[in-house]
Amino acid sequence: MPLRAPSILPLNRILAGDSIAIMRDLPAHSVDAVFADPPYNLQLGGELLRPNCSKVDACDDDWDKFADFAAYDSFTRDWLSAAKRILKPDGCLWVIGSYHNIFRVGSILQDLGFWILNDIVWCKTNPMPNFRGMRFTNAHETLIWASASPDAKPCFNYEAMKNMNDDKQMRSDWVLPICSGKERRRDKSGEKVHPTQKPEALLYRVLLSSTKPGDVILDPFFGSGTTGAVAKKLGRHFIGIDRDPAYIKHAEARIAEIPAAPQPSFLVTPAKREEPRIPFGTVLERGLLRPGDLLFDEKQRHRARIKADATLIASSRAGEVCGSIHKVGATVQGLPACNGWTFWCFETAGKLVPIDLLRQRIRAENTAQA
């Protein structure tokens, strides 16, 4: 059954107008996440040329120009305040920027009571070169991930991120290419639709890591519509805001091309702590292991024998120890705690395999029978 969001919100629409004014009109505590790619206030000083004298297509649009830092800070404080009001208590905010603005944004964000969870460094595999040779090549941008308050409990899909990273914890440095090739949206004349279009791969990680199917993500600077495109692919709702009719037109056409997301079961990675509890005794009852069988740690430094009541017996420095798979695993290592499911292994076909695979097998069988 598809997950639903509050019907009072303008879901999956792009609202035309000033983002601050529109956010102030939305219901308080109504969205699950905000992703913001605000103006960077690049302060470009004149035309930038390549060594062959061709012009660099940099962002010099009026919406990225501010009179001074005070004007930019006032703008930043206003949109962050409006965003904080519409966030649910356990909601989160993502904001991306460069060295031109991210430090000012981060300071104001903290002043307003947001709680910074992580800063993510997007390392670009194909950054624009520094043509003048006067500085380091600017090869990264920074994302700040923050909750609405220090007491909030924002969504974090840890297992999904670990799966995406070949079963290793996802780090805070994301190596991804900039938007180019067929992904770059262009108009009929071949010009870029938007000068700062972000790659879908970046938004994929952002939304998959910190939102759930059916959640509402608001993007107050919608631009070319990357947030909406990825939200639709992942079964999330979006609300976009932009003041430029041309951007809105292209974003709507882009999102309309995307097919509906699959059922939520294909979009969710259950957290391990939420999976059904399987006692070790069930493994014996199913005949997957037997009393008297030996278990080993991965490097075969420790061994234990299974008793009929699903306890283990092993030797340790303190002498013989008997108890649960967790207690015995901790004792033989001299540690205060241990996950026995991942520590202990059994031998099959000449290989050592974690007993956790037997637990997963039982869970799968139970689900199939339900």
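Just so we're clear, the structure is a prediction, and the values are computed from it rather than from any experiment.
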How about [X]: does its [atom1] atom have over 12 heavy atoms from other parts shown lying under 6.0 Å from it?
X	atom1	value
Arg171	CZ	no
Trp174	CH2	yes
Arg361	CZ	no
Lys327	NZ	no
Lys162	NZ	yes
Gln360	CD	yes

[atom1]-[atom2] distance between [X] and [Y], expressed to the nearest 0.5 angstrom:
X	Y	atom1	atom2	value
Lys88	Cys155	NZ	SG	11.5 Å
Leu143	Leu202	CG	CG	5.5 Å
Lys84	Trp79	NZ	CH2	13.5 Å
Glu257	Ile255	CD	CD1	10.0 Å
Leu80	Asp78	CG	CG	9.5 Å

Between [X] (side chain only) and [Y] (backbone N and O only), is there a donor and an acceptor less than 3.5 Å apart?
X	Y	result
Thr226	Lys198	yes
Arg305	Gly292	yes
Thr137	Ala139	no
Arg24	Ala82	no
Asp244	Ala246	yes
Lys307	Pro291	no
Ser30	Pro27	yes
His29	Leu87	yes
Arg359	Thr282	no
Asp32	Ile217	no

Q) Would you call the rings of Phe221 and Phe75 parallel, tilted or perpendicular, where under 30° means parallel and over 60° means perpendicular? A)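 Tilted, since the angle between the ring planes falls between 30° and 60°.
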Q) Between Pro154 and Ser147, what is the shortest heavy-atom contact and its length? A)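 Reported closest heavy-atom pair: CG-CB, 4.0 Å.
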(Q) Please give the remaining members of the hydrophobic cluster of Ile355, linking ILVMFWY side chains under 4.5 Å, ordered by chain and number. (A)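 ILVMFWY cluster around Ile355 also holds Ile278, Phe280, Val283, Leu284, Leu288, Leu289, Leu295, Ile306, Leu312, Val321, Ile325, Val328, Val332, Trp341, Phe343, Trp344, Phe346, Val353, Leu357, Leu358, Ile362.
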Transitive ILVMFWY side-chain link [X] to [Y], under 4.5 Å:
X	Y	answer
Leu26	Leu11	yes
Leu112	Phe103	yes
Ile102	Val121	no
Ile258	Leu267	no

Can you tell if the side chain of [X] reaches within under 4.5 Å of the side chain of [Y], non-hydrogen atoms only?
X	Y	result
Gln333	Cys338	yes
Cys345	Asp297	no
Ser172	Ile120	yes
Val175	Cys123	yes
Met23	Asp25	no
Pro220	Val34	yes
Leu352	Glu298	no
Phe238	Leu218	no

Q: Kindly confirm or rule out a cation-pi arrangement of Arg104 over Phe69, judged by NZ or CZ under 6.0 Å from the six-membered ring centre and within 45° of its axis?
A: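 Checked: cation-pi criterion met.
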Q | Of Trp122, Trp145, Phe35, Phe114, the residue whose pairing with Trp94 passes ring-ring contact (aromatic ring centres under 6.0 Å, His included) | A |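 Of all the options given, the one that passes is Trp145.
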**Q.** Check against side chain to side chain donor-acceptor pair (under 3.5 Å), Thr311 and Asp309
**A.** CA-CA 6 Å; Thr311 58; Asp309 62 358; 2.6 Å; yes
**Q.** Between Gln169 and Tyr158, a side-chain donor and acceptor under 3.5 Å
**A.**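 Yes, because at least one side-chain N or O of Gln169 sits under 3.5 Å from a partner of the opposite role on Tyr158.
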Q) Does one side chain, of Ser98 or His100, offer a donor that lies under 3.5 Å from an acceptor on the other? A)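 His100 and Ser98 do have a side-chain donor-acceptor pair below 3.5 Å.
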Q. Is a salt bridge present between Glu200 and Arg254, judged by a nitrogen-to-oxygen distance below 4.0 Å?
A.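 Looking at Glu200 and Arg254, the cut-off is met.
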Q: Give the C-alpha distance, both sets of side-chain angles, the deciding distance and a yes or no for side chain to side chain donor-acceptor pair (under 3.5 Å) between Asn138 and Tyr99.
A: CA-CA 9 Å; Asn138 185 26; Tyr99 68 88; 5.2 Å; no
(Q) Which residue is it: Asn12, Thr227, Thr211? I am looking for the one with a side chain to side chain donor-acceptor pair (under 3.5 Å) to Arg236. (A)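 Only one of Asn12, Thr227, Thr211 forms a side chain to side chain donor-acceptor pair (under 3.5 Å) with Arg236, namely Thr211.
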